[in-house]
Amino acid sequence: MPGRRTSNKKKSQKVALPDLSAKRRFQQRLLKWYGEHGRDLPWRKTSDPYHILVSEVMLQQTQVDRVIPKYREFLERYPSFEDLAEAPVADVKKTWYPLGYNVRPERLHGIACETVERYGGKLPSDAEELLSFKGIGRYTAGAIRSFAFNEDAPILDTNVIRVLHRVFVAEGDPKAQKTMLWELSEALIPPKKGYDFNQAIMDFGAMVCTARDPYCLLCPMKSFCKTYPFSPMERRS
DNA sequence: GTCCCGTACT
DNA sequence: AGTACGGGAC
C-alpha cells in the first residue's frame with residue numbers, strides 16, 4: 001500500500017497558519033505600512049478604557065467619519081463611566097442620535113452602570129469578564145484588551161476577516177471560517193505589539209485591502225498574497 | 001446558525 | 001426600491 005506520508009497537514013484539517021516567512025513578512029510589511037500611512041484617529045491618542053469602549057461601540061455600527069464628531073461630543077457630555085452611569089438612558093440615547101441602533105447606547109449605559117457598581121469604575125481587562133457585559137462581544141473584548149490594556153489579544157471584524165482570508169486562505173466562504181481566522185489573527189500578532197498590529201490591520205483593510213476594488217497595485221503583501229491579483233467575484237446563482 | 005436595524009450602496 | 005452590511009444576542 002502506498003502509505004506515503006509527508007509532513008504536511010492533512011487536507012481535512014484545513015490549517016491556514018502561514019509558514020514563518022510569510023508570517024514575518026506580513027508583520028513587518030504591515031507595521032511599516034502603518035507607520036507610513038496609518039490614520040490619526042482620536043481614540044488612538046488615549047489609553048483610557050472608557051474612551052476606547054465608547055469608540056468601539058460607536059464603530060460597531062458606523063463608519064469612522066461619522067463617529068469622530070459624535071465620539072467627541074459624547075465624551076464631552078459624559079467624561080467618565082460615573083457620568084454616563086448617572087445619566088438617564090433617555091438622555092444618553094438623545095446624545096447618541098443620529099447614530100442609530102439605539103439598543104447600543106442602552107447597552108453602553110448598562111456597561112457603565114455595571115462598571116461603576118461591580119468594578120469600582122474601572123473596566124476589567126480580563127476577557128471573560130469583558131464578555132460578560134451585554135454589548136461586548138468577542139471583537140470588542142479583543143479591541144479593549146489590545147487598545148486599552150496593551151495586551152496581545154486578537155481581534156476579528158469584517159476588515160480583519162477580509163484581509164486574512166485574502167492573504168492567507170483565498171478559498172471558501174470567509175465568514176464560515178471564523179474559528180480558523182481567529183487563530184490566525186492571534187498567531188500573527190508580533191509579541192508585545194498587539195496594539196499597533198491590530199490598529200494596522202484595521203487601517204490596512206479600510207484603506208488598501210478594501211471590500212470592493214482593493215488597491216492591489218500599492219499593496220505591500222502582493223508578492224505572497226494568495227488572492228493577488230484580485231479579480232471581482234462573479235455572482236453565484 | 002438567525003435576527004436585529006439604520007445606513008449606504010445598487 | 002431593494003438589499004447587503006455587521007457585531008452582538010440568542
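A, B, ... follow the sequence lines: proteins, then strands. Residue 1 opens every chain.
For a distance-only test at 3.5 Å, the side chain of Arg104(A) qualifies as a donor-acceptor partner of the base of dG7(C). Applying the 3.5 Å distance criterion, the base of dG8(C) shares no donor-acceptor pair with the side chain of Tyr101(A).
One finds the CG atom of Leu188(A) at 11.5 Å from the CD atom of Glu183(A) (value rounded to the nearest 0.5 Å).
Taking 4.0 angstrom as the limit, Thr158(A) places none of its side-chain polar atoms (N or O) nearer than this to OP1 or OP2 of dC5(C). At dG7(C), none of the side-chain N or O atoms of Arg107(A) fall inside 4.0 Å of OP1 or OP2 (strictly under the cut-off).
In this structure, Thr140(A) reaches the sugar-phosphate backbone alone: every heavy-atom distance under 4.0 Å involves primed, P, OP1 or OP2 atoms, never a base. Nucleic acid contact class of Phe133(A) (heavy atoms, under 4.0 Å, all strands): sugar-phosphate only. Note on Asp157(A): only backbone sugar-phosphate atoms sit closer than 4.0 angstrom, heavy atoms only; bases stay farther off. Across all strands shown, Arg138(A) has heavy atoms under 4.0 Å from sugar-phosphate atoms exclusively, and none from any base.
Taking atom OH of Tyr97(A) as the reference point, atom P of dT7(B) lies 8 Å away to the nearest angstrom. Distance Tyr139(A) OH to dG8(C) P: 8 Å, rounded to the nearest Å. For Gln63(A) and dC9(B), the CD to P distance is 6 Å, given to the nearest whole Å. dG7(C) atom C1' lies 15 Å from atom NZ of Lys134(A), rounded to whole Å. Straight-line distance from the CG atom of Leu108(A) to the P atom of dG8(C): 13 Å, rounded to whole Å. At whole-Å resolution of the value, CG in Leu59(A) and C1' in dG6(B) are 16 Å apart. Here the P atom of nucleotide dA9(C) and the CD atom of Glu106(A) are 13 Å apart, to the nearest Å. To the nearest angstrom, P of dC5(C) lies 19 Å from CZ of Arg66(A).
With 3.5 Å as the limit, one finds no donor-acceptor pair spanning the side chains of Arg104(A) and Thr62(A). A donor-acceptor contact under 3.5 angstrom links the side chains of Glu56(A) and Tyr139(A), judged on distance only.
Comparing Ile136(A) and Lys175(A) along DNA chain C, the residue whose closest nucleotide (by nearest heavy atom) sits nearer the 5' end is Lys175(A). Across the interface with DNA chain B, nearest-nucleotide mapping of Arg212(A) and Gly100(A) shows Gly100(A) to be the residue nearer the 5′ end.
Across all their heavy atoms, Ser185(A) and Leu156(A) have their closest contact at CB-CD1, 4.5 Å. Scanning all heavy atoms of the two residues, the minimum distance from His165(A) to Thr227(A) falls at O-OG1, 4.4 Å.
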